[in-house]
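Here's the structure, in structure tokens; my notes come after.
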Amino acid sequence: MLSETIPVIFIGRNHDGFWVVRDAEAKFGGLFWRKQAALDFAKANASPGRYAAVFLQARFELDLKNHGNPLIGGVGTVRHLLAVLWRKAASDRES
């Protein structure tokens with residue numbers, strides 16, 4: 001917390017490129033397709049007051065339950081599975 005009245009909220013992207021929001025006190029967090037949705041979520045959860053948004057340059061992962069877009073967790077899993085299958089198929093073609 002920046003102060004007793006101004007919570008700190010981290011906003012950035014994860015390894016899949018989705019927008020991540022997480023407050024410094026680990027009270028809430030979520031994953032989003034769009035930056036604006038992430039900002040709206042941060043504002044709604046920081047209410048009724050203001051908050052300090054810290055935009056991270058490094059990729060970071062949500063380490064809390066996703067209270068954002070519920071579809072994103074599944075999309076990330078499928079994406080990783082497809083990447084593994086693609087690499088395996090490419091290596092089989094080379095053999």
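Atoms considered below: every heavy atom in the structure, side chains included; atoms not considered: hydrogens, waters and symmetry mates.
Linking ILVMFWY side-chain heavy atoms closer than 4.5 Å, directly or via other members, places Phe41 and Val54 in two distinct hydrophobic clusters. Hydrophobic clustering (ILVMFWY, side-chain heavy atoms < 4.5 Å, transitive): Leu39 and Leu64 are in distinct clusters. In the hydrophobic cluster analysis, where Ile, Leu, Val, Met, Phe, Trp and Tyr join through side-chain heavy atoms closer than 4.5 angstrom, Leu56 is grouped together with Val20.
The side-chain heavy atoms of Ile11 and Val21, taken from C-beta on, include a pair separated by under 4.5 Å. In this structure, the side chains of Phe18 and Phe32 stay at 4.5 Å or more apart for every pair of heavy atoms. No side-chain heavy atom of Tyr51 sits less than 4.5 Å from a side-chain heavy atom of Asn45.
Within the 3.5 Å criterion, the main-chain N or O of Asp16 finds a donor-acceptor partner in the side chain of Asn14. Remark: side-chain polar atoms of Asp40 are not paired, donor with acceptor, to backbone N or O of Lys43 under 3.5 angstrom.
Closest approach of Arg59 to Gly17, counting heavy atoms only: NH1-CA, 3.5 Å. His15 and Glu61 get closest at one heavy-atom pair: ND1-OE2, 2.6 Å.
For the atom pair Phe55 CZ and Ile9 CD1, the distance stands at 10.0 Å (nearest 0.5 Å). Rounding to the nearest 0.5 Å places CZ of Phe10 at 7.5 Å from CZ of Arg22. Atom CG of residue Leu71 and atom CG of residue Leu31 lie 11.5 Å apart, to the nearest 0.5 angstrom.
Around the CZ atom of Arg34, the shell of radius 6.0 Å holds no more than 12 heavy atoms that belong to other residues, nucleotides or ligands. Dense packing is recorded around CD of Gln36, with more than 12 heavy atoms of other residues, nucleotides or ligands lying under 6.0 Å away.
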